[in-house]
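We're numbering straight along the sequence, starting at 1. Only heavy atoms go into these numbers, but all of them, side chains included; no hydrogens, no water, no symmetry mates.
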Amino acid sequence: MSDRIVAGIGFRRGTGAEEIAALIARALGTIGAGRTDLAAVATVADRAADPSICQAAAAFGLSPCPVEAPALEACDTRVVTRSARIERLRGVGSLAEAAALAAAGPESRLALPRIASAGATCALAIPHDTARHL
């Protein structure tokens, strides 16, 4: 498995770091990847300093990767799940999928579409050059 997997995260205010970290671990396990395969934890820039996402990323030895709104919007045509609520609030169908794709780079692809817990969503993406080897 690649060490270049990017987790995209969307989360509600008040969601605990433990819940976010557990969701990332569940997503990685779903595709047969481990904690060391994770290269980045991406989320919308205006939430990247939230203590919950900072602590969840730190559980994997990482800091959150902030993704600006225009980069999220540029990936919207490539997301595979759609939330009317997130579309209304953020202008993208899936914040988690768009964040993962944007942070993984041009021509990246989803390795895992959005999965959810009570307060968070997570999607996994891999860069284009990695995708050819999987």
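Atom-to-atom distance recorded for I20:CD1 and C122:SG is 10.0 Å, nearest 0.5 angstrom. The structure places CG of L28 at 7.0 Å from CG of D37, a figure rounded to the nearest 0.5 Å. Separation of atoms CZ (R12) and OG1 (T121) is listed at 9.0 Å; rounding is to 0.5 Å.
In this structure, S63 and A57 approach most closely via the heavy-atom pair C-CB, 3.9 Å. Between S94 and V79, the closest heavy-atom pair is O-CG1, 4.0 Å. For the pair A103 and C65, the tightest heavy-atom approach, listed with the atom from each and the gap, is CB-SG, 4.1 Å. The nearest pair of heavy atoms linking A99 to A42 is O-CB, 3.6 Å. When all heavy atoms are compared, the tightest approach of A100 to L124 is CB-C, 4.3 Å. The shortest non-hydrogen separation linking V80 to P113 is CG2-CB, 3.6 Å.
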Can R78 and S108 be said to form a side-chain contact (heavy atoms from CB on, under 4.5 Å), step by step?
CA-CA 10 Å; R78 297 170 44 216; S108 58; 3.0 Å; yes
For E97 and T81: C-alpha separation, side-chain torsions, deciding distance, then whether side-chain contact (heavy atoms from CB on, under 4.5 Å) applies.
CA-CA 8 Å; E97 291 177 11; T81 56; 2.6 Å; yes
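R88 pairs by the side chain to side chain contact (heavy atoms under 4.5 Å, CB included) definition with A84, R85, not counting sequence neighbours. A search for side chain to side chain donor-acceptor pair (under 3.5 Å) contacts involving T15 returns nothing, not counting sequence neighbours.
Taking hydrophobic clusters as Ile, Leu, Val, Met, Phe, Trp and Tyr residues chained together by side-chain heavy-atom distances below 4.5 Å, I9 does not share a cluster with L89. One hydrophobic cluster, built from ILVMFWY side chains closer than 4.5 Å, cannot hold both L110 and V6; they sit in different ones. At a threshold of 4.5 Å between side-chain heavy atoms, the hydrophobic network of Ile, Leu, Val, Met, Phe, Trp and Tyr places I115 and I24 in one connected group.
Here the side chain of E19 pairs a donor or acceptor atom with the backbone of G119 at under 3.5 angstrom. For the pair D76 (side chain) and E73 (backbone), a donor-acceptor distance under 3.5 Å is absent. Looking at R82, its side chain never comes within 3.5 Å of a backbone N or O of E87 through a donor-acceptor pair. With hydrogens and angles disregarded, no donor-acceptor distance shorter than 3.5 Å links the side chain of R13 to the backbone of D50.
Counting heavy atoms from C-beta outward, L23 and F11 have side chains that stay 4.5 Å or more apart. The side-chain heavy atoms of R26 and L112, taken from C-beta on, include no pair separated by under 4.5 Å. Between R109 and I126 the shortest side-chain heavy-atom distance falls below 4.5 Å.
The hydrophobic cluster around I86 extends to V44, V67, L72, V92, L95, counting ILVMFWY residues whose side-chain heavy atoms fall within less than 4.5 Å of a member.
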